[in-house]
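Worksheet: the structure to be examined is printed underneath.
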Amino acid sequence: MKIAVIEPLLQSRKNVIRDVIYGCWCGGKRIGGASVPPFEQLTVATILKHDGHEVCFIDAQQEQLSLEQVADRIQGSQLVITSTSVMTMRDDATFVRELKTRIPGLRAAAYGSHPTFKPEETLEKGYDFAIQREPEWVLRDLVRRLDAGDEDGAAHVPGIVTRGTDGTLIKNDRYPFIDDLDQIPPLDVGLLPRDYVYFNPIVRNLPYITVSSSHGCPAKCSYCTAPFFHGTRTRFMSAGKVLDDMAYYLNQGMREVYFRDETFTADRQRVMDICTGIIERNLRFSWICNARVDTVDPEMLGLMHRAGCHLIKFGAESGSQTVLDAVKKGITLQQTRDAFRWCSEAGIATHAHFMVGMPGETLETMEATLDLAIEIAPSTATFGICTPYPGTPLFRDVARLDESIGDGSDNASIERLHVEGDYNRHYCSVDGETLRRTVKRFYRRFYLRPAYVFDSLRRIRNGNMLRNAVIGGLNVIGFALGEKSS
Ligand code: SF4
């Protein structure tokens with residue numbers, strides 16, 4: 001069966017590169033103008049290819065392919081698969097509907113947060129199948145049945161929401177969360193567009209690949225979809241499998257790996273085993289990961305640095321303990337201070353993500369957040385407006401008070417993500433306009449400090465780092481001093 005797995009080109013902003021929503025966007029631009037290999041789509045494409053299907057993987061965003069060009073490439077496909085979130089739903093659905101008019105018999109499946117939490121709305125927007133929660137085995141089983149001509153079986157695969165031939169809604173039980181992540185094959189990097197190098201200013205060595213070696217997060221932050229998409233029981237690839245995959249990627253020419261796990265450091269012993277294995281097997285590559293501040297310690301960070309980790313991204317979120325507690329972040333300000341100091345002592349750069357407009361936020365707590373950002377001195381920081389995503393407790397609270405939020409997608413777009421505060425008035429005392437101005441002011445205050453500029457210049461070791469600093473710096477300045485600055 002011929003299947004197209006596509007990262008669509010967003011119509012609303014041609015140069016927007018999407019993939020990771022968390023903490024990297026500003027006004028529709030990724031800070032630094034980065035592009036990220038879409039590992040979730042690549043995982044799905046790899047699994048289907050392993051299962052014997054003809055897979056056409058297209059990153060239209062990276063290649064800037066028009067709808068017509070994509071349609072030409074995937075002619076003959078029977079199923080198109082996209083990942084979609086609340087922010088991209090409108091664009092994705094338009095793209096898919098247009099493809100279906102150009103390719104006879106094409107059906108469409110969507111996975112991701114929006115199909116998971118709003119499956120009926122996903123079908124209404126033109127998809128034939130909405131996949132709830134983790135898509136890997138659901139899509140494998142769906143395609144197997146479609147390939148066998150078993151329409152009834154396809155409609156009843158667990159994890160699928162679809163409509164029967166008479167239009168009735170078929171909502172199956174959820175597929176169990178994937179227990180054994182070692183069954184997921186390493187990403188087929190040969191499927192990535194050949195002539196396009198993914199550039200990212202936070203990456204030291206190109207080419208790079210993004211991967212995930214665990215599913216889920218032990219925390220339950222009230223604004224985050226991860227605990228509800230993946231569950232709160234974190235499941236891990238074994239250290240041995242991670243090491244084998246790394247060896248494979250290095251063989252494929254990759255020089256850096258970005259672990260996109262929600263919390264790569266959630267299992268301390270596994271991190272120690274991976275790092276020890278990298279050193280013992282002499283796997284030479286640099287890497288980045290996401291972590292929570294309460295899951296790191298000096299010994300672990302020292303070993304991570306020796307194993308090639310050069311950057312850790314943390315969600316510091318707020319300088320107010322009251323606000324952190326209100327969103328059930330489960331960390332203390334002291335843990336944040338410790339984690340950033342330990343990283344600095346270990347020689348690992350840090351990225352801190354902060355939000356304003358969280359539940360219980362006031363003008364004073366926002367200033368405490370800026371103070372904390374300056375105090376802990378991360379290498380880079382992002383500031384965004386807390387946004388209620390469908391599927392989260394925060395969204396449910398807002399929906400109870402304000403029906404206009406609908407399924408969350410009508411007013412949502414990448415351009416507005418984390419820079420507009422449409423609904424924050426329902427849970428904090430700061431209005432949307434003040435939040436918008438605060439985000440820009442925080443960027444200026446954080447990045448345009450002489451101490452920060454001097455420190456950044458001091459860290460530059462080679463031409464690559466200089467290029468990244470210039471590109472990243474210009475993007476940040478452009479955003480912070482942009483037309484709507486206050
Ligand atoms: S720690 Fe991060 S990934 Fe985990 S629930 Fe909180 S925001 Fe989500």
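In listed order, ligands and their atoms are each counted from 1.
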For P227, the atoms of ligand 1 under 4.0 Å from one of its heavy atoms are 5 (S)

#### Entry: Donor-acceptor pair between H114 and S85 side chains, under 3.5 angstrom
no

One finds that the ligand 1 atoms under 4.0 Å from a non-hydrogen atom of E262 are 3 (S)

For residues 340-350, dump all side-chain donor-acceptor pairs below 3.5 Å to protein atoms at least two apart in sequence or in another chain.
unit_1, atom_1, unit_2, atom_2, d
R341, NH1, D338, OD1, 3.2
T350, OG1, S379, N, 3.4

* Is it true that atom CZ of R425 has more than 12 heavy atoms of other residues, nucleotides or ligands lying nearer than 6.0 Å? -> yes

Note: heavy atom closest to atom 8 (Fe) of ligand 1, options A219, C224, C217, belongs to C224

inquiry  = Ring of Y258, cation from R260 - is the NZ or CZ under 6.0 Å from the centre and inside 45° of the axis?
reply    = yes

Taking only non-hydrogen atoms of G315, do any sit less than 4.0 angstrom from ligand 1? no

**Asked** Under a heavy-atom criterion of less than 4.0 Å, does K329 contact ligand 1?
**Response** yes

message = If you count every heavy atom of other residues, nucleotides or ligands that lies below 6.0 Å from D173 atom CG, does the total exceed 12?
response = no

Among A291, C221, P218, closest by heavy atom to atom 5 (S) of ligand 1 is C221

R292 heavy atoms within 4.0 Å reach ligand 1 at atoms 1 (S)

Would a line drawn from the ring center of Y452 to the ring center of Y447 be shorter than 6.0 Å?
yes

